[in-house]
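Heads up, the thing below is written out as structure tokens.
Per chain, numbering begins at 1; letters A, B, ... match sequence-line order.
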Amino acid sequence: MTAVDFSTTFSNAWFPTPLFTASGCASSGKELAQFFPLKDIGAVVTKSIMNKARLGRPTPRMAETPSGMLNSIGLQGPGIDTFLEKDIPWLIEQKARIIVSIAGETVEEYSTLARKLRAVAGISAIEVNISCPNVENRGLVFACDPEASRKVIDGVRRTIGGEIPIIAKLSPDVTDIVSIARGVVDAGADGLALINTVLGMVINVSTMRPHLGGKTGGLSGPAIRPIAVRAIYQVHAAMPHVPILGMGGVASGRDAFEMILAGASGVSVGTASFGNPMAIPQIQEELKALLAEKGFKQLKDAIGYAHRSDETHE
Amino acid sequence: MTAVDFSTTFSNAWFPTPLFTASGCASSGKELAQFFPLKDIGAVVTKSIMNKARLGRPTPRMAETPSGMLNSIGLQGPGIDTFLEKDIPWLIEQKARIIVSIAGETVEEYSTLARKLRAVAGISAIEVNISCPNVENRGLVFACDPEASRKVIDGVRRTIGGEIPIIAKLSPDVTDIVSIARGVVDAGADGLALINTVLGMVINVSTMRPHLGGKTGGLSGPAIRPIAVRAIYQVHAAMPHVPILGMGGVASGRDAFEMILAGASGVSVGTASFGNPMAIPQIQEELKALLAEKGFKQLKDAIGYAHRSDETHE
Amino acid sequence: MSQINRNAAQLRATIVGNKLVGQYHQILISVGDLVDRCKPGNFVAINVGGDSSRMILRRAFAISRVAHSASFGGTMELIVAPHGQGSKWLCSQPEGAIIDLVAPLGSAFGIPTEPVQVLLVGGGYGSAPLFGLAEVLKTRGCKVDMLLGASTAGKIYAPMEGKRSVNSLRIYTEDGSMGIAGKVTDPITELISDLDVAVIYSCGPMGMLSAISALTESTDVVHQCAVEESMACGIGICMTCVLPVRNSDNSISMLRSCIDGPVMDGADVMWDLVGKNPLVQP
Amino acid sequence: MSQINRNAAQLRATIVGNKLVGQYHQILISVGDLVDRCKPGNFVAINVGGDSSRMILRRAFAISRVAHSASFGGTMELIVAPHGQGSKWLCSQPEGAIIDLVAPLGSAFGIPTEPVQVLLVGGGYGSAPLFGLAEVLKTRGCKVDMLLGASTAGKIYAPMEGKRSVNSLRIYTEDGSMGIAGKVTDPITELISDLDVAVIYSCGPMGMLSAISALTESTDVVHQCAVEESMACGIGICMTCVLPVRNSDNSISMLRSCIDGPVMDGADVMWDLVGKNPLVQP
Ligand SMILES: Cc1cc2nc3c(=O)[nH]c(=O)nc-3n(C[C@H](O)[C@H](O)[C@H](O)COP(=O)(O)OP(=O)(O)OC[C@H]3O[C@@H](n4cnc5c(N)ncnc54)[C@H](O)[C@@H]3O)c2cc1C
Ligand SMILES: Cc1cc2nc3c(=O)[nH]c(=O)nc-3n(C[C@H](O)[C@H](O)[C@H](O)COP(=O)(O)OP(=O)(O)OC[C@H]3O[C@@H](n4cnc5c(N)ncnc54)[C@H](O)[C@@H]3O)c2cc1C
Ligand SMILES: Cc1cc2nc3c(=O)[nH]c(=O)nc-3n(C[C@H](O)[C@H](O)[C@H](O)COP(=O)(O)O)c2cc1C
Ligand SMILES: Cc1cc2nc3c(=O)[nH]c(=O)nc-3n(C[C@H](O)[C@H](O)[C@H](O)COP(=O)(O)O)c2cc1C
Ligand code: FES
Ligand code: FES
């Protein structure tokens, strides 16, 4: 095998491989550790954590859709304090690289979370989930409002200082994702995570009512991959120097490669792990083989390759 | 068989069944006439027509995606004059009910199209496609800008007079579809068509470039159905008296029923006809059977049924 | 290593039997040594639809029994109701077909340390894991009585050989097409006192489990039930399968029925709050 | 009734043969009376992946030949290259499998009214419809010579029985593993004058068709080629399969290769503009 340099970076954070879990699709990591060593993949992105414990939404919380699924979890979680006490030390013990995803209901909550994370050793980066469509009032989705998005990132940036990279996670449910992206980068985000789930609904034709307890849910899985690739391509075209963590329906090395060509520096795998607990290490191997087959010596050379015009392509 | 009253109305336009073709997915009707009599379905919604003839986008114009497809046609068509001369008389001869879809590059072009349609007999309604994501500059998509959307509908309304119902077709690629919907209804739209395709992209991993000639394309098919159902549900909740023509991934009677429960008065079938030329009449029969099975005496009673709270449900 | 999913493995396994029993398919899968890790109550998660399927999630099925067979090695038996597209696909797989499965998953029925009187209550295909459980309980010296119920005869699963491990078996159907006409929960209160039942093991529709919990509430009977919630992953990573469970301090937790279940203590599950908004924040 | 798709019907048909020929699958389908409406050049559109497939579009295949057989009635033969997921699925279907197809679709090769000299040029599986065409041409008294090319021997499709209808058959492979090493287009110019070719019929990769059009440009030879563009519907309703074609007034039309093709006049297709923006608006 050709030795492809498979490493990637998000600002000052280095990862040996570009394949990460997706927030909310690997819980805190313990559940997947039976299937593969967590240190073998690029990073574990933990389930978005809020300041206080939260029970989340009523069930049913899922509906399968053609090549996708809806979820409506409502950010169930133990709260940051319990999380830092129980989950982080365990992940560090596993030698996993850790990206902590945070979510809040107010700009303050995000800053509070950042303050609690500032002193914690062993965290590679913070993913700021400003885009979860599952919060009670859709009007309150930060990621749909350029001003609110900036404020959250600005608050986190000021609190956290310059040490830990911040990755802002955006929602595709906006008219112009590039302008939202520009806003959060201006406000201090080092990287962008694209995309969160797409707002959707399924109606149960037996009960003739919305199927999910929370009525609407977030659409994920291969169904949304073309939307994710488009978002990554658009944002990379506008800001080629901002690293992107791509996600949305990646289920094979081919899919991960597609996102990297579109402009992603790393790829998170979410829903695919539900259907296949070994998805991430398998995708990782497939991607490595594909890069070698295409003659890339390092992953970095493939990032955004689809943007090169045929003229500059030798 | 129980005799379900299967008819539906959009303002003053009456249709014997709620199943229509989707614009751009039945050309002008001739191509499907071999498979079923066009008069047997609710209406033929013709391919969006512009003022002048247009060659459209380069090939490849399609990419299959998981449970969906991308298209990038670029509104190829013969122009309104040829269309009125050749296609409309033929459709009238078939006794088909006709909804003409129009598209323009300027507010004036839409008004011009409306003027040319005003005097034409045999047209049940006009669908105003303000949402095609396939035009050259995404910034120019009318449906993504509340003000531009209103202006187009206002211009068409003034030109066409009060006789022919106007159905404004919206894009899901917006932060707040309800506000766009309100705007066009205020400007004079009698109904709304939801949803047009979702902007997406596929990268060809062999060439390592965007697969479509037009780079981005519109995502359609079952993959987007949950997005469509959500949009219909949201808009119907906000404006229960505005009739909605639902579409996006409908491929069975169950799917059509889902849209009707969400709030659609009619359902267009697009991509499903590509995989099955008999899709529309088959879906029509399945829907009729489902309505009867659920005890509905008339289609109208099922429209928006998913919004009823369990309390009011006897 | 974490303790979660600690027995689970993913493997491609061959279907070695598929026969219709009433309205169910009895599916036998050759899984090798994996059988040694399977306990009554555990479930298996199976990929459905093949390579180009639009169904992206696994389907969960209780492991009905495991056995060692001369011809197939370790085998796992499932009782599958052809419900929607995924389970119908599984039921249509011929012998020789290879499926991708993850097993064993979830919690198992707790086995009493003393030889006590137990009652097994199964609804529909819920009886599947109870026969394997009955065997284990019998070897521990428990006295095992069983009640099975369903809407109609075709939905009663009660194999001949399974009956050997139980002291008595009573069948209830709502339409009276088999056994006694009525609900499987009808005789429970009486049986608890008549037989002096120490533990009830139940598996079936949520309504049945909740009804049994109500019946045992004011008694000393332990109620171990195997719950069934919609599951996206089956391995604890998605949080879709949660149930409201009362903690010892009276606060509520939303526990994952795939890893903290499917077997749960019926007294802890807050049945009234299932599918509702557990407003209370702990 | 419109004239478009006027011979087409949708039907569920049984696969009655599936055998490997080189790198292709020769698939035989029982389609009944439909065979009487199929002409050389027409194609069939087939549903792939089964009921719960994530592949929502039909796949197009040239109808290689039709025949009446005692055991199966009217049959249609396809030569299928296992390319991506859809064609691989089709190639994996056993005899007895039922598929959903729409046929015959598209235009057919035009048959000369006089008995002239013709040359048939096939690339890869593109030779499939040419043997059926050769039979028809021969019955009309034409003299038929044939050239087949491919990258390698396994991609040459040249059945024994097909050769009966042709006067000569020359094979070219790029790697020299069969026949002459080289491109199938190499000898065309010479053959045109040596044999006094009146019509070239071609089917194969677009590059080959375009090369033949270039070679015939300054000659009197008519070039009827069967083009291949990505198709979403195959019946003319989606506008994805278009090709730039020059009209008699020199304006350009984007014609649908599914209904105005696949057989087109090679001299009219604007090969340079395929896949480009045909800037000119008529
Ligand atoms: C722990 C557990 C054990 C089970 N044991 C058995 C068994 O032994 N025999 C048996 O026949 N069935 C069993 N089921 C139910 C079985 O999982 C569902 O019937 C099956 O998932 C339905 O899939 P489908 O594609 O046929 O239906 P669909 O309705 O099309 O499924 C759509 C989606 O909803 C989910 N879903 C639908 N119904 C259920 C359900 N009842 N429970 C969980 N998820 C559901 C599916 O997994 C799928 O993701 C069990 C479920 C669980 C959770
Ligand atoms: C008129 C016509 C006749 C054809 N005849 C034959 C034949 O006789 N034998 C044969 O092996 N193949 C033939 N092809 C090509 C065949 O249609 C493709 O190989 C097949 O569609 C690929 O599908 P897939 O799922 O295997 O590949 P994928 O690449 O996964 O297909 C993805 C999508 O692209 C489309 N697509 C991909 N390649 C092609 C292509 N070359 N042409 C058109 N659409 C494509 C598919 O239809 C599908 O919608 C013909 C194509 C056309 C248009
Ligand atoms: C069950 C579930 C829970 C999720 N929870 C979170 C979350 O807590 N925070 C977050 O930022 N994204 C969350 N997501 C979104 C994913 O991280 C990811 O952006 C999305 O699912 C698209 O990727 P995929 O198609 O690979 O799943 C969740 C997705 C799913 C399916
Ligand atoms: C090939 C293709 C062409 C289309 N052309 C048009 C069009 O001209 N005008 C329009 O309003 N919508 C057009 N649409 C969008 C459809 O009318 C419909 O809104 C969308 O495809 C969702 O429905 P479906 O999933 O049933 O196809 C087109 C869609 C496809 C797939
Ligand atoms: S099914 Fe995913 S956490 Fe239980
Ligand atoms: S393939 Fe749809 S128009 Fe030709």
Side-chain angles (χ1 to χ4, degrees), chain A residues 63 65-70 138-139 141 144-145 171-176 180 198-210 215-217 219 221-234 249 251 254-255 257-262 290 294 302 305-310 313, chain B residues 63 65-70 138-139 141 144-145 171-176 180 198-210 215-217 219 221-234 249 251 254-255 257-262 290 294 302 305-310 313:
Chain A
T65 68
S67 298
M69 67 171 281
L70 288 181
R138 188 163 195 261
V141 174
C144 292
D145 176 359
S171 165
D173 295 328
V174 295
T175 309
D176 182 4
I180 307 270
V198 182
L199 196 67
M201 179 186 272
V202 161
I203 290 171
N204 182 325
V205 293
S206 302
T207 64
M208 302 196 284
R209 295 290 180 284
K215 289 190 180 176
T216 58
L219 185 63
I224 67 165
R225 198 169 60 232
I227 304 173
V229 171
R230 180 264 297 173
I232 294 164
Y233 189 92
Q234 286 179 327
R254 183 225 152 270
D255 303 342
F257 190 43
E258 193 184 356
M259 294 215 164
I260 286 165
L261 294 170
L290 261 175
K294 288 284 176 185
Y305 197 90
H307 293 262
R308 305 205 190 167
S309 66
D310 284 8
H313 172 47
Chain B
T65 68
S67 298
M69 67 170 282
L70 288 181
R138 189 165 193 261
V141 174
C144 291
D145 176 359
S171 166
D173 295 328
V174 295
T175 309
D176 182 4
I180 307 270
V198 182
L199 196 68
M201 179 185 271
V202 161
I203 290 171
N204 181 323
V205 294
S206 302
T207 64
M208 302 195 284
R209 296 289 179 285
K215 289 189 179 174
T216 59
L219 185 62
I224 67 166
R225 197 169 61 233
I227 304 173
V229 171
R230 180 264 296 173
I232 294 164
Y233 189 92
Q234 287 179 326
R254 184 225 152 270
D255 303 343
F257 190 43
E258 193 183 357
M259 294 213 165
I260 286 165
L261 294 169
L290 260 175
K294 289 283 176 184
Y305 197 91
H307 293 264
R308 303 204 192 169
S309 66
D310 284 7
H313 172 45

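Counting heavy-atom neighbours within 6.0 Å of B/Lys294 NZ, excluding the residue itself, gives a total above 12.
When every heavy atom of B/Val174 is checked against every heavy atom of A/Thr175, the shortest pair comes out as CA-OG1, 3.3 Å. A/Arg254 and B/Val202 get closest at one heavy-atom pair: NH2-CG1, 4.4 Å. When all heavy atoms are compared, the tightest approach of A/Thr216 to B/Arg230 is CG2-CG, 4.2 Å. Pairing each heavy atom of A/Pro210 with each of B/Ala306, the nearest pair is CD-O, 3.6 Å.
Under the 3.5 Å distance criterion, the side-chain polar atoms of A/Arg209 are matched with a main-chain donor or acceptor of B/Arg308.
With a 4.5 Å cut-off on non-hydrogen atoms, A/Leu70 touches chain B through its side chain but not through its backbone. Using a 4.5 Å cut-off between heavy atoms, B/Leu219 touches chain A through its side chain atoms alone.
Listed by chain and residue number, A/Ile203, B/Val229, B/Ile232, B/Tyr233 satisfy the side chain to side chain contact (heavy atoms under 4.5 Å, CB included) test with B/Ala262 (two or more places apart in sequence, or in another chain).
Contact count against chain A (heavy-atom pairs under 4.5 Å) is highest for B/Ser206 among B/Pro172, B/Ala251, B/Ala228, B/Ser206. In terms of non-hydrogen atom pairs under 4.5 Å with chain A, the most contact-rich of B/Asn204, B/Leu290, B/Ile227 is B/Ile227. Heavy-atom pairs under 4.5 Å with chain B were tallied for A/Ala63, A/Ala223, A/Pro66; the largest tally goes to A/Pro66.
For the atom pair CD1 (A/Ile224) and CD1 (B/Ile224), the distance works out to 13.5 Å, reported to the nearest 0.5 Å.
The closest side-chain heavy-atom distance from A/Leu199 to B/Gln234 is below 4.5 Å.
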